[in-house]
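Worksheet: one structure, shown below.
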Amino acid sequence: MEEFVVRGQNKRSPANDAISPRKKIKLERMKQEEEEEEEDEFSHPVPWQKIEAEGLDCDYALLFSKEEADHLLKQLEEEVVYSTGEEAKVQIFGKVYDIPRKQATHGDAGLTYTYSGVARLACPWTPTLEYIRDAVTKATGQTFNFVLVNRYKDGRDHMGEHRDDEKELDPLCPIASVSLGAPRDFVFRHRDTRGKRTRRQIEPVKLELAHGSLLLMNSPTNTFWYHGLPVRKKISLPRVNLTFRRILLDQKKRPSVDSQQGTSD
DNA sequence: CATTCTTCAAGCAG
DNA sequence: TCTGCTTGAAGAAT
């Protein structure tokens, strides 16, 4: 089954289930030994859960207490200014639709984010975004130069299945997804199981992303698995999601390594 | 050169 | 009703 053990540790807890009784998700509690990284301000190491499937490798943890997450969400609701007008629309089949959520992009000076073929300049970091970014770095050892903020005002707001596979992303850097506000279901689906002609039988992997949680999507997850945030009409409260990324500084194609397909621009 | 893959929210079926 | 799978065009990739 799971032939992909990307990380070094191999202990497995019994199968667990996040939201669906028929879905089994392998969870692994990473031991707190070999913690040379815990010295700083994180007096208690983050208890990670490993989520694995064929070609999928994620780590999930509660990064912030409820009190701190409440505070961070409140701050973000005051600080973040979301795109409006043309930037809040998407064109499909020549028809223009409103994006069913709100988006903002922040990052180091000069970085751009491409959505639906349009590049947008990153706004400067805000104090709260910097604070969360640094907390993620302390918990993961990874550094990030960009964050995409998605705000889902209620359960009608959503995001369709996609991969974060852009060429300008550092392919070896995980994408770190911080969730604040209403818990929402999150679904991974293997690319070989999508569409009319399904080639393989691979079960989707479903999670619930909690208030204050951090989900790390490690390589090669975004090569093989789509992810989406489905509509959940019973949810009436907002959720704000931050996906921290590392964008390559030289926009040129990397000469070495992979020959995996990239996405369009 | 032909076939497959890609984008995304809307539409629709169960 | 709500949820989740399929639809649909056309350029890019292989």
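Just so it is clear: chains get the letters A, B, ... in the order the sequence lines come, proteins before strands, and each one is counted from 1.
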ask   = B:dT7 P sits how many Å from A:Glu161 CD, rounded?
value = 11 Å

inquiry  = At 10 degrees resolution, what angle do the end axes of the helix from B:dA2-C:dT14 to B:dG14-C:dC2 form when each is taken over five base pairs?
reply    = 40°

ask   = A:Thr243: what forms a side chain to side chain contact (heavy atoms under 4.5 Å, CB included) with it, not counting sequence neighbours?
value = A:Leu148, A:Ile175, A:Ser177, A:Asn241, A:Arg245

key: Partner set under side chain to side chain contact (heavy atoms under 4.5 Å, CB included) for A:Pro183, not counting sequence neighbours   = A:Glu208

task = Sequence neighbours left out, what pairs pass ring pair (Phe, Tyr, Trp, His ring centres under 6.0 Å) with at least one residue falling in residues 60-88 of chain A?
result = none

request  = Using side chain to side chain contact (heavy atoms under 4.5 Å, CB included) as the criterion, list what pairs up with A:Leu121, not counting sequence neighbours.
outcome  = A:Thr112

Atom pair CG (A:Asp170) and CG (A:Leu248), whose distance is rounded to the nearest 0.5 Å = 5.0 Å

key: For A:His158, all residues meeting side chain to side chain donor-acceptor pair (under 3.5 Å), sequence neighbours excluded   = none

Side chain to side chain donor-acceptor pair (under 3.5 Å) partners of A:Arg189, counting only residues at least two apart = A:Glu161

Return the polar atom pairs (N/O with N/O) between nucleotides 1-3 of chain C and the protein under 3.5 Å, or none.
{"residue": "C:dT3", "atom": "OP2", "partner": "A:Lys233", "partner atom": "N", "Å": "3.1"}

Pairing residues for A:Asp108 by the side chain to side chain donor-acceptor pair (under 3.5 Å) criterion, not counting sequence neighbours = A:Trp125

ask   = Under 4.0 Å between a side-chain N or O of A:Arg189 and OP1 or OP2 of C:dG4?
value = no

ask   = With sequence neighbours excluded, what pairs up with A:Ser236 under the side chain to side chain contact (heavy atoms under 4.5 Å, CB included) test?
value = none

Nucleotides 10-13 of chain B: which of its N/O atoms have a protein N/O under 3.5 Å away?
none

request  = Can you sort out the partners of A:Gln75 under side chain to side chain donor-acceptor pair (under 3.5 Å), two or more places apart, ordered by chain and number?
outcome  = none

Spacing between A:Leu229 atom CG and C:dG4 atom P, to the nearest angstrom = 12 Å

